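First the proteins, then the strands, lettered A, B, ... as listed; each starts at 1. Owing to the predicted nature of the structure, the values given are computational and were not obtained by experimental measurement.
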Amino acid sequence: MTAIREAFVLPCLFLTVALLGGLRLSADVRLVPPPLVALVLAVLLVGALFRASAFSPERLVSQNRRPLENASGAAVLLSVFAASAQVFNLLTPDTGLLHVLVSVFFLVQFLTTLTAVRDRVAMLRTLAVLFGCAFFLRFVALESLYAPGRGVIKRVMTALMEGVTLGTLDYVPTGAATGYVAFLTLTLYLVGLVLLPTSRTGAASIALVTVREPPQAEELDRDLPTLRRE
Amino acid sequence: MRDTAVRAAGLAGTLLYGAAIVWMYAAQPQTVAEVTGGLTSTVGAYRIDQQAFDDGLAFFGRDQFVEARAAFSRADPAGRDARTQFYIAYAFYRQGWGRVYNDDALFKSGLEAVDRAIALAPGHRLVVDDPGLDMHSADELRAELQRGLTRDVSDLNPMRLLRKRR
């Protein structure tokens with residue numbers, strides 16, 4: 001990983017995610033700090049990324065690196081954590097029963113991922129699908145359902161849902177502009193995850209597997225007498 | 001050497017960007033002017049629009065308080081100058097003051113403005129040396145605004161009709 005990527009690109013990407021993750025553009029502009037559950041989920045996510053070799057902290061902070069390199073790496077680690085917390089803050093409804101349900105869903109999902117997924121590519125795909133679904137649920141489905149000036153059928157549906165859940169299923173729409181910002185934020189976060197440094201051994205073995213071509217028939221014929229002697 | 005310089009510059013930039021984000025989440029700015037004003041005031045580079053401030057003072061002296069507040073707000077769009085916020089609060093006070101009763105909404109806005117002024121002043125102490133004012137310190141103005149918002153028996157005292165606006 002180049003010094004520019006570590007010192008500029010990754011912190012800039014993740015801090016931008018941390019900034020935009022709490023941005024709500026409705027009638028007024030609000031910056032919502034992450035709730036406690038988002039911090040817990042961020043710890044799980046960073047742990048899952050580490051277990052799946054999606055990034056290796058020892059390439060950012062280790063005793064083999066100079067103090068300035070370690071400080072730069074620590075800044076990247078902190079920005080990854082802050083961005084992860086803000087991504088959960090972004091995708092989880094701010095209050096009510098939906099906040100609890102989505103938080104619990106994320107918690108169970110990441111506990112499962114933490115124990116099951118061991119491959120970097122699979123991990124990144126899992127995250128893309130999971131965050132994509134959560135984005136769709138919040139910024140497409142719920143926003144459309146609870147948007148101001150909605151039709152009679154939507155109002156009846158939301159009234160029924162709120163009645164069945166004794167009023168606990170409440171959602172405050174955040175405005176269309178927030179959805180666009182959320183899409184950009186998620187994209188930046190996923191790009192940042194792809195750019196994170198992975199372990200050297202893992203990368204080298206992948207490179208060997210992908211670069212090495214299958215042996216040709218002439219090579220096999222040439223090596224056959226040697227193999228027979230052995 | 002180049003690597004070290006890149007890392008040092010990146011680290012400094014990251015710390016500045018992170019501090020700006022923390023400040024924004026704490027201050028909750030509503031406009032771009034508030035963001036830029038807040039960030040420049042933290043490094044001591046914030047300046048009010050002196051022409052607009054002088055206009056505000058002229059309006060204030062002629063008891064045109066709505067116009068005065070508009071000019072003061074233009075002078076200090078980020079709300080980061082204690083003296084301007086003090087005058088905004090004073091304009092709310094003078095407009096809201098009544099011999100029989102005060103305008104609570106204006107007094108509340110005045111109290112918010114004077115609280116901002118006190119929070120911005122160095123050491124939370126603000127004294128404005130203006131002969132046209134009867135109250136020179138933010139603490140006096142704050143107490144007067146709070147008195148105006150308080151309901152008690154003294155409100156029924158007929159002598160209140162003889163008091164004068166400060």
Undergrad: Do any of residues 45-62 of chain B come closer than 4.5 Å to chain A, heavy atom to heavy atom, and if so which ones, in number order?
TA: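 Not one residue of residues 45-62 of chain B has a heavy atom under 4.5 Å from chain A.
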Undergrad: Checking heavy atoms, do the side chain of A:L23, its backbone, both or neither come under 4.5 Å from chain B?
TA: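 Interface part for A:L23: backbone (N, CA, C, O).
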Undergrad: Can you give me the closest heavy-atom contact between A:L15 and B:G18, atom names plus distance?
TA: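 It is CD1-N, 4.0 Å.
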Undergrad: Could you report the tightest heavy-atom contact between A:L31 and B:P29, atom names first, then the distance?
TA: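 Closest approach of A:L31 to B:P29: CD1-CD, 4.5 Å.
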Undergrad: Could you pull out every donor-acceptor pair under 3.5 Å between chain B and chain A?
TA:
| from | atom 1 | to | atom 2 | distance (Å) |
| --- | --- | --- | --- | --- |
| B:T4 | OG1 | A:R66 | NH1 | 3.3 |
| B:R7 | NH1 | A:E6 | OE1 | 3.3 |
| B:R7 | NH1 | A:E6 | OE2 | 2.8 |
| B:Y17 | OH | A:T16 | OG1 | 2.9 |
| B:Y25 | OH | A:A18 | O | 3.2 |
| B:Y25 | OH | A:L19 | O | 2.8 |
| B:Y25 | OH | A:G22 | N | 3.1 |
| B:Y25 | OH | A:Q86 | NE2 | 2.7 |
| B:Q28 | OE1 | A:L31 | N | 3.0 |
| B:Q28 | NE2 | A:L31 | O | 2.5 |
| B:Q30 | OE1 | A:V29 | N | 3.3 |
| B:Q30 | NE2 | A:V29 | O | 2.6 |

Undergrad: Tell me whether A:F81 at atom CZ has more than 12 heavy atoms from other residues, nucleotides or ligands lying less than 6.0 Å away.
TA: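 Atom CZ in A:F81 is crowded, with more than 12 foreign heavy atoms closer than 6.0 Å.
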Undergrad: Take atom CZ of B:R99 as the centre, draw a 6.0 Å sphere, and report whether it contains more than 12 heavy atoms from other residues, nucleotides or ligands.
TA: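 Yes.
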Undergrad: Between B:A9 and chain A, with a heavy-atom cut-off of 4.5 Å, which part of the residue counts as in contact: side chain, backbone, both or neither?
TA: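 Interface part for B:A9: both.
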Undergrad: Quick one: what part of A:V9 sits under 4.5 Å from any heavy atom of chain B, side chain, backbone, both or neither?
TA: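 Neither part, no heavy atoms under 4.5 Å.
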